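Since the structure comes first, as structure tokens, the remarks are kept for the end.
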Amino acid sequence: MSFQQRVPSVPAVLRGRLLLLALLTVTGSPWVQRPRLHYYVEYAGQHPHDGAWTKFLLLAAGGPAWESSPRFYGGVGYMFTNGLWTLLLFAGVATLPSRLPARMPGWARRVAGAILAAELANLLWWAAPMLFLPPTDTDIWYAGRLLAGVTGSGLVFGLLAGGLLALLSAGSAGPAGPAGPAGSGERARVTSTDIDTARSSWIARRKGSPT
């Protein structure tokens, strides 16, 4: 595929990534996340043993969360590490799909890359809670049932984010070129012949002779 044929695909890919990052940033803002967190706490208290997929969805919606108040996390250091975690999640969702095998369909790479990014980020959160939470809150993250919640919410978040990225990047595939070298050579020969014919006609007109 020639460079000219690949050019139309670049803006669509970048547009999809930028739109997704903008949506994640808005979704993760405190004005969206604080009501979501209050609802999750209330829902989990009312349904301690059921509603697993609803809990996964609510937890997944908290994936892109970021805060502007250190008190929310228990200190400036925890706010910084949580903000860095969110940036790493965003970067993974945007870049990991391009690292997957090219033989996979584009939409599959985007979904799989987003799931992989979300799962790795969530497992880091679960395995090293002391980086993100005050000491009084870290013990709960080692519980097995919470590990299931972390991985489940990562799966849901990855599916949603990857699906959105695939939709927002629609049309990124460039038009197919001619099949094989023969097609390219034939097109080059026809183009050369057309140029020679036009040149001869122009010279004949300049000399005042009939074409």
Side-chain angles (χ1 to χ4, degrees), residues 17-97 110-168:
R17 291 176 179 175
L18 292 175
L19 287 175
L20 178 65
L21 292 177
L23 287 173
L24 291 178
T25 301
V26 173
T27 304
S29 67
W31 304 277
V32 175
Q33 289 298 318
R34 290 178 185 177
R36 186 231 24 121
L37 180 59
H38 291 322
Y39 181 78
Y40 171 76
V41 172
E42 181 180 352
Y43 183 87
Q46 295 176 353
H47 306 83
H49 304 297
D50 56 1
W53 281 105
T54 302
K55 295 175 185 176
F56 288 162
L57 183 61
L58 290 171
L59 285 173
W66 55 271
E67 263 290 341
S68 57
S69 173
R71 290 183 297 177
F72 185 85
Y73 292 113
V76 176
Y78 295 117
M79 185 182 73
F80 174 79
T81 54
N82 279 275
L84 182 60
W85 181 91
T86 301
L87 289 177
L88 291 175
L89 174 64
F90 286 8
V93 170
T95 61
L96 275 181
R110 293 178 179 101
V111 172
I115 292 175
L116 180 60
E119 293 292 1
L120 290 176
N122 282 4
L123 286 175
L124 173 63
W125 182 297
W126 177 83
M130 69 290 298
L131 298 176
F132 309 101
L133 298 170
T136 54
D137 298 331
T138 56
D139 292 340
I140 61 172
W141 290 97
Y142 290 94
R145 68 182 177 86
L146 288 182
L147 175 61
V150 166
T151 54
S153 64
L155 174 62
V156 174
F157 176 85
L159 286 171
L160 294 176
L164 274 175
L165 182 59
L167 289 175
L168 295 173

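From a predicted model like this one, the values you see are computed outputs, not experimental measurements.
- At a threshold of 4.5 Å between non-hydrogen side-chain atoms, the residues Leu133 and Tyr73 do not count as touching.
- The CZ atom of Phe90 lies 9.0 Å from the CH2 atom of Trp85; values are rounded to the nearest 0.5 Å.
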Practice prompt. Any chance you could lay out the side-chain contact (heavy atoms from CB on, under 4.5 Å) test for Ser69 and Arg34, step after step, and finish with the verdict?
Written response: CA-CA 12 Å; Ser69 173; Arg34 290 178 185 177; 4.0 Å; yes
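- Here Leu164 contributes atom CG and Leu159 contributes atom CG; the two are 11.0 Å apart, rounded to the nearest 0.5 Å.
- Taken from CG in Leu24 to CH2 in Trp66, the straight-line distance is 12.5 Å, to the nearest 0.5 Å.
- In this structure, Ala114 and Gly158 approach most closely via the heavy-atom pair CB-O, 3.4 Å.
- The CZ atom of Arg110 lies 10.0 Å from the CG atom of Leu168; values are rounded to the nearest 0.5 Å.
- With hydrogens and angles ignored, the 3.5 Å screen pairs a side-chain donor or acceptor of Thr86 with a backbone N or O of Ala65.
- Between Tyr43 and His47, the two ring planes are parallel [angle under 30°; tilted spans 30° to 60°].
- Between the CD1 atom in Ile115 and the OG1 atom in Thr151 there is a gap of 12.0 Å [rounded to 0.5 Å].
- Checked by atom type and distance alone, the side chain of Glu67 never pairs as donor or acceptor with a backbone atom of Met79 at under 3.5 Å.
- For Gly154 against Ala118, the heavy-atom pair with the smallest separation is O-CB, 3.4 Å.
- For Gln33 (side chain) and Ala61 (main-chain N/O), a donor-acceptor pair under 3.5 Å exists by modelled atom type.
- Closest non-hydrogen pair, Leu89 versus Ala121, comes out as CD1-CB, 4.1 Å.
- Minimum heavy-atom separation, Leu131 to Thr81: O-OG1, 2.6 Å.
- Between the CZ atom in Phe56 and the CG atom in Leu59 there is a gap of 8.0 Å [rounded to 0.5 Å].
- What you find for Ser153 and Ala60 is that their closest heavy atoms are O-CB, 3.4 Å.
- Closest approach of Pro134 to Gly74, counting heavy atoms only: CG-CA, 4.3 Å.
- Asn82 is listed as a side-chain neighbour of Trp125, based on a closest heavy-atom distance under 4.5 Å.
- For the pair Thr25 and Pro64, the minimum side-chain heavy-atom distance is 4.5 Å or more.
- Heavy atoms of other residues, nucleotides or ligands lying less than 6.0 angstrom from CZ of Phe80 number 12 at most.
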